[in-house]
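Structure first, commentary second.
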2 protein chains.
Amino acid sequence: MLKISTKSQYGLRAMVCLAKSKDKICSLRSISEKEDIPFDYLEKIISRLEKANLVKAKKGIQGGYFLAQKSTEIKVGKIIRVLEGKMSLVKCIGEKEKHLCPREKRCVTKNFWEKIQDTLNTALDSLTLDDLILPKNILETRYKTKK
Amino acid sequence: MLKISTKSQYGLRAMVCLAKSKDKICSLRSISEKEDIPFDYLEKIISRLEKANLVKAKKGIQGGYFLAQKSTEIKVGKIIRVLEGKMSLVKCIGEKEKHLCPREKRCVTKNFWEKIQDTLNTALDSLTLDDLILPKNILETRYKTKK
DNA sequence: CTAAAACCGACTGATATAGTCGGTTTTTAT
DNA sequence: ATAAAAACCGACTATATCAGTCGGTTTTAG
């Protein structure tokens, strides 16, 4: 059905939430409540984001998470790719030098899928977290021009 | 992991196979062999394509399938959407007037996902079956200009 | 009449998703 | 010092979808 996982959707919302809080540290509990994300699940999600160096944590009481980089420097595509795992629409592309499919040479569709994949990645990378917290009309024009 | 199902991949290859055969009727057996697609599975796939009026069948010996329209008139996106089922990347978009998510109004990411969805659909619709059977370099330029 | 084809519905095994749960460690406020 | 609030971690589960198989029926050309 070609769905973006809730993991990515939740993760992106959590990141936007952090971006909106600027430098103020946010506990998972507060994000979970503000964004209606199951707390336990959010823990798993944020842990992947942390390992990918997109957020940093402060432990202990009054602790929480904050962005590891400026919101203008975090492309949405980065977030999605981290959470979605290796994101190749079809298994025969992506792994650069590995020829996974014996039909590769004579396959007319491989080339097509590569184009689609590329288009998708470009679209996801065309906006940063910062763009998402701007008013809607600004988003529109940025998306158009950056592409 | 955001994968296009093998159903769509197989289905597209089968359609390309039919496009290449022009008006010559093709049995599933022959397509299955040429394209290395499990025969039984291919039956299910072609059945969906037939119900969607993308191919027509002739029963009995010497029977088979052929395109229901000209290959220049069948957009790849149509094929993929038929096989992939309703293709909305996130569940809260797509159903036009149904407001599925209580957070809809204040959700900053909904708008973003709609853009991505739109970009993807446009990309898939930018080429027809006929484009896919042309030499690679022609494909490149068509894809670029049509987008 | 028979073989080759389309057609159909039920079944299955594997994998991924979307969580949940129980517990440990770290830190700060009192 | 200690209790509470937070991050951190690994194991577990239920559900759904995918990818494919199987057994059988119907149609039609030769």
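Throughout, a chain's letter reflects where its sequence line sits, starting with A, and its residues are numbered from 1.
Along DNA chain D, the nucleotide nearest to B:Lys7 and the one nearest to A:Phe39 differ in position, and the one closer to the 5' end is contacted by A:Phe39.
Checking the phosphate oxygens (OP1, OP2) of D:dC8, no side-chain nitrogen or oxygen of A:Ser47 falls inside 4.0 Å. Contact between the side-chain N/O atoms of B:Ser5 and the OP1/OP2 oxygens of D:dC18 is not found at any separation under 4.0 Å.
Here the nucleotide nearest the side chain of A:Leu28, chosen from C:dA6, D:dA7, C:dC8, is D:dA7. Among C:dA5, D:dA7, C:dT20, the nucleotide with an atom closest to any side-chain atom of A:Ser27 is D:dA7. Ranking D:dC8, C:dT20, D:dC18 by closeness to the A:Tyr65 side chain, first place goes to D:dC8.
One can place CD of B:Glu33 at 13 Å from P of C:dA4, the figure rounded to the nearest angstrom. Spacing between atom CD1 of A:Ile46 and atom P of D:dA6 amounts to 14 Å, rounded to whole angstrom units. Per the geometry, NZ belonging to B:Lys3 stands 11 Å off C1' belonging to C:dA16, to the nearest Å. A:Glu84 places its CD atom 13 Å from the P atom of C:dA16, with the value rounded to the nearest Å. Rounded to whole angstrom, the span from the CD1 atom of B:Ile45 across to the C1' atom of C:dC8 amounts to 16 Å. For the pair B:Gln9 CD and D:dG20 C1', the interatomic distance rounds to 15 Å; values are reported in whole Å. Rounded to an integer number of Å, the gap from CD1 of B:Ile37 to P of D:dG20 is 10 Å. When rounded to the nearest whole Å, the span between NZ of A:Lys56 and P of D:dC8 equals 12 Å.
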Does the protein touch nucleotides 21-30 of chain C at the base, only the backbone, or not at all? Give it as B, S and - per nucleotide, heavy atoms under 4.0 Å. B---BBBB--
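For B:Lys110 and B:Glu104, the salt-bridge test passes: some basic side-chain N is under 4.0 Å from an acidic carboxylate O.
For the 3.5 Å distance criterion, the side chains of A:Glu84 and A:Ser5 qualify, holding a donor opposite an acceptor. Using modelled atom types, one finds a donor on one side chain and an acceptor on the other under 3.5 Å when comparing A:Tyr143 with B:Thr119.
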